[in-house]
Chemist: 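Structure incoming, see below.
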Protein chains: 2
Amino acid sequence: MAHLGTSVEYGLHCLLWLAEPGAAAASSRDLAELQGVSPSFVAKIFPRLEKAGIVSATPGIHGGYRLAQPAAQISVLAVVDAIEGRKPLFECQEIRGRCALFKGRAPTWSTQGVCSIHAVMLRAEQRMRDELAGSSLADLAGTVARKAPAGLDGEVRVWLGDRLQARLKARSGDGPARSTGKRATEAGTRATRPRRREAP
Amino acid sequence: MAHLGTSVEYGLHCLLWLAEPGAAAASSRDLAELQGVSPSFVAKIFPRLEKAGIVSATPGIHGGYRLAQPAAQISVLAVVDAIEGRKPLFECQEIRGRCALFKGRAPTWSTQGVCSIHAVMLRAEQRMRDELAGSSLADLAGTVARKAPAGLDGEVRVWLGDRLQARLKARSGDGPARSTGKRATEAGTRATRPRRREAP
DNA sequence: ATAACGCGGACGGTATTCGTCCGTGTTCAA
DNA sequence: TTGAACACGGACGAATACCGTCCGCGTTAT
């Protein structure tokens with residue numbers, strides 16, 4: 001992909017479900033399968049969000065993740081930094097000091113301050129970060145709620161609840177023949193997605 | 001590196017030399033060795049700048065590149081796009097349509113317009129591009145000229161001129177013994193640079 | 001005791017990037 | 001006319017990053 005990878009996309013989409021007003025804790029697997037996305041991969045994303053204080057985790061069979069702060073206080077920038085780790089837009093290699101005229105010893109004036117090319121890139125990166133810092137999860141959740149029909153959040157809640165119930169029931173009522181046994185996992189995780197590819 | 005690769009860094013540094021007020025045409029090899037950078041790699045960058053109309057090329061032994069427009073009309077954004085080819089900051093994979101509740105048939109309201117997450121990223125990318133579009137090669141060249149001692153541009157001009165003369169002379173005066181023969185190429189191109197690496 | 005959960009590390013396949021090397025056609029100096 | 005340097009483009013190789021899976025660990029509720 002490009003500078004912002006699939007991880008942030010998955011992470012943000014998952015967080016949007018958790019940002020619903022009355023959302024309960026949800027496991028990374030359920031969030032992934034709710035969206036038709038690789039559960040293993042989503043499971044790798046959430047620990048980073050937790051270390052950044054964006055979500056809080058509770059272990060155990062009833063466990064899962066919930067937001068650790070109000071959605072209005074979580075900026076998109078915070079999520080991006082938590083997942084991707086502040087990769088800079090541009091890495092200056094200090095070429096100005098390598099000019100052949102200097103014969104190996106770069107004069108001080110040539111390496112003082114920030115390289116002018118680097119400076120433009122830093123300004124551009126900062127502008128990008130400003131925009132990301134200006135949008136919160138609550139803002140995003142608001143725009144999708146404005147498009148979705150009323151009651152969708154409730155549907156999602158029962159979907160998640162049903163999955164939990166099914167998993168618990170499967171444990172209690174597991175006869176020797178597990179004909180309908182793993183019903184909860186539905187048609188399995190066919191989240192493997194073909195690599196993106198251009199038209200030839 | 002990060003989203004903006006080494007190619008743009010090399011390209012911009014080379015263009016800054018060409019943006020000097022009285023600069024003559026310079027070959028990609030000379031520009032590269034003037035800055036202690038791989039000549040082969042720089043040679044791969046310039047054809048893209050030419051196709052974008054930023055530089056113009058003249059073949060032949062006296063050939064080289066020169067700016068095709070006044071430096072004040074060439075924006076940093078144009079150079080970046082010419083070299084890297086408009087890679088987006090974010091590639092939306094339309095996850096909103098994959099919600100398990102839809103059972104494979106995504107309703108129209110869910111895929112209408114731009115995904116809200118994608119929209120934030122597009123705004124952020126646009127702000128970044130705005131900043132890059134606001135800086136021209138002339139602006140950059142001005143800030144470096146303000147730091148460098150007067151007369152540096154002249155020194156560079158004679159350095160480039162000397163290399164051309166030396167190459168032409170080497171052809172005329174090549175005796176059977178080439179003792180001092182390849183003096184022009186100096187100590188060769190040891191521009192191979194070790195891969196960037198973090199501290200362990 | 002079992003099964004699910006979060007956590008973290010190891011692993012593999014693919015795409016991208018940096019950089020080199022080659023071949024082609026063109027222009028100028030000797 | 002020969003040769004050298006130029007721009008141009010494609011093939012190639014090594015290193016890296018990313019996506020995604022798999023496994024083992026400790027914890028919690030049934």
Side-chain angles (χ1 to χ4, degrees), chain A residues 1-10 25-30 32 37-51 55-65 83-85 87 93 163-164 166-172 174 184-185 189 191-198, chain B residues 1-10 25-30 32 37-51 55-65 83-85 87 93 163-174 184-185 189 191-198:
Chain A
M1 216 206 243
H3 193 234
L4 264 44
T6 313
S7 320
V8 292
E9 186 168 15
Y10 291 0
S27 75
S28 67
R29 165 188 292 256
D30 283 353
V37 149
S38 156
S40 330
F41 192 50
V42 172
K44 290 194 78 65
I45 296 174
F46 268 91
R48 291 183 242 180
L49 293 171
E50 198 213 3
K51 277 203 287 191
V55 299
S56 68
T58 62
I61 194 166
H62 273 166
Y65 294 98
I83 294 180
E84 304 245 294
K87 274 179 312 189
Q93 317 205 10
R163 291 179 65 85
L164 175 59
R167 277 194 293 260
L168 294 182
K169 271 225 147 43
R171 173 64 195 94
S172 73
D174 54 350
T185 53
T189 76
T192 53
R193 165 183 59 87
R195 271 316 225 208
R196 188 161 309 264
R197 163 163 299 288
E198 323 272 338
Chain B
M1 215 206 245
H3 192 230
L4 264 46
T6 314
S7 320
V8 292
E9 185 167 16
Y10 291 0
S27 73
S28 66
R29 165 189 293 256
D30 282 355
V37 148
S38 156
S40 329
F41 192 50
V42 172
K44 290 194 76 66
I45 296 173
F46 268 91
R48 292 182 240 179
L49 292 171
E50 199 213 3
K51 277 203 288 190
V55 299
S56 68
T58 63
I61 194 164
H62 273 167
Y65 293 98
I83 293 180
E84 303 245 298
K87 271 180 313 187
Q93 318 204 12
R163 292 179 63 85
L164 176 58
Q165 293 301 326
R167 276 194 293 258
L168 295 181
K169 272 228 146 45
R171 172 67 194 93
S172 73
D174 56 350
T185 53
T189 76
T192 53
R193 163 182 61 87
R195 271 314 224 209
R196 187 161 310 265
R197 163 163 298 287
E198 322 272 339

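Quick caveat, the model's predicted, so the values are computed rather than measured.
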Chemist: Pick out the pairs of N or O atoms, protein on one side and nucleotides 10-13 of chain D on the other, that lie under 3.5 Å.
Modeler:
residue: D:dG10; atom: O6; partner: B:K44; partner atom: NZ; Å: 3.2

Chemist: Taking the side chain of A:P59 as its heavy atoms from C-beta onward, which of C:dC18, D:dT28, C:dT17 lies nearest to it?
Modeler: D:dT28
Chemist: If you compare every side-chain N and O of B:S40 against the phosphate oxygens of C:dC21 (OP1, OP2), does one of them come in below 4.0 Å?
Modeler: no
Chemist: Considering the terminal five base pairs at each end of the helix from C:dA1-D:dT30 to C:dT17-D:dA14, what angle separates the two local helix axes, rounded to 10°?
Modeler: 0°
Chemist: Give the nucleotide from the list C:dG8, D:dC8, D:dC18 with an atom nearest to the side chain of A:P47.
Modeler: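 Of the options given, the side chain of A:P47 lies nearest C:dG8.
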Chemist: Looking at C:dC28, D:dA7, C:dT20, which one has an atom nearest to any side-chain atom of B:S27?
Modeler: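 Selected nucleotide: D:dA7.
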Chemist: Five pairs per end, C1' atoms only: what is the angle between the end axes of the helix from C:dG19-D:dC12 to C:dA30-D:dT1, to 10 degrees?
Modeler: 10°
Chemist: With the side chain of B:R29 defined as its heavy atoms from C-beta on, choose the nearest nucleotide among D:dC6, C:dG19, D:dG20.
Modeler: D:dC6
Chemist: For D:dC18, does OP1 or OP2 lie under 4.0 Å from any side-chain N or O of A:S7?
Modeler: no
Chemist: Quick check for you: among C:dC28, C:dA4, C:dC18, whose closest atom lies nearest to any side-chain atom of B:I61?
Modeler: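 Output: C:dC28.
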Chemist: Look at B:Y65 and D:dC6 and indicate whether a side-chain polar atom (N or O) is within less than 4.0 Å of OP1 or OP2.
Modeler: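 Answer is no, no contact under 4.0 Å.
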Chemist: Which one, C:dG19, D:dG20, D:dA5, comes nearest to the side chain of A:F41?
Modeler: D:dG20
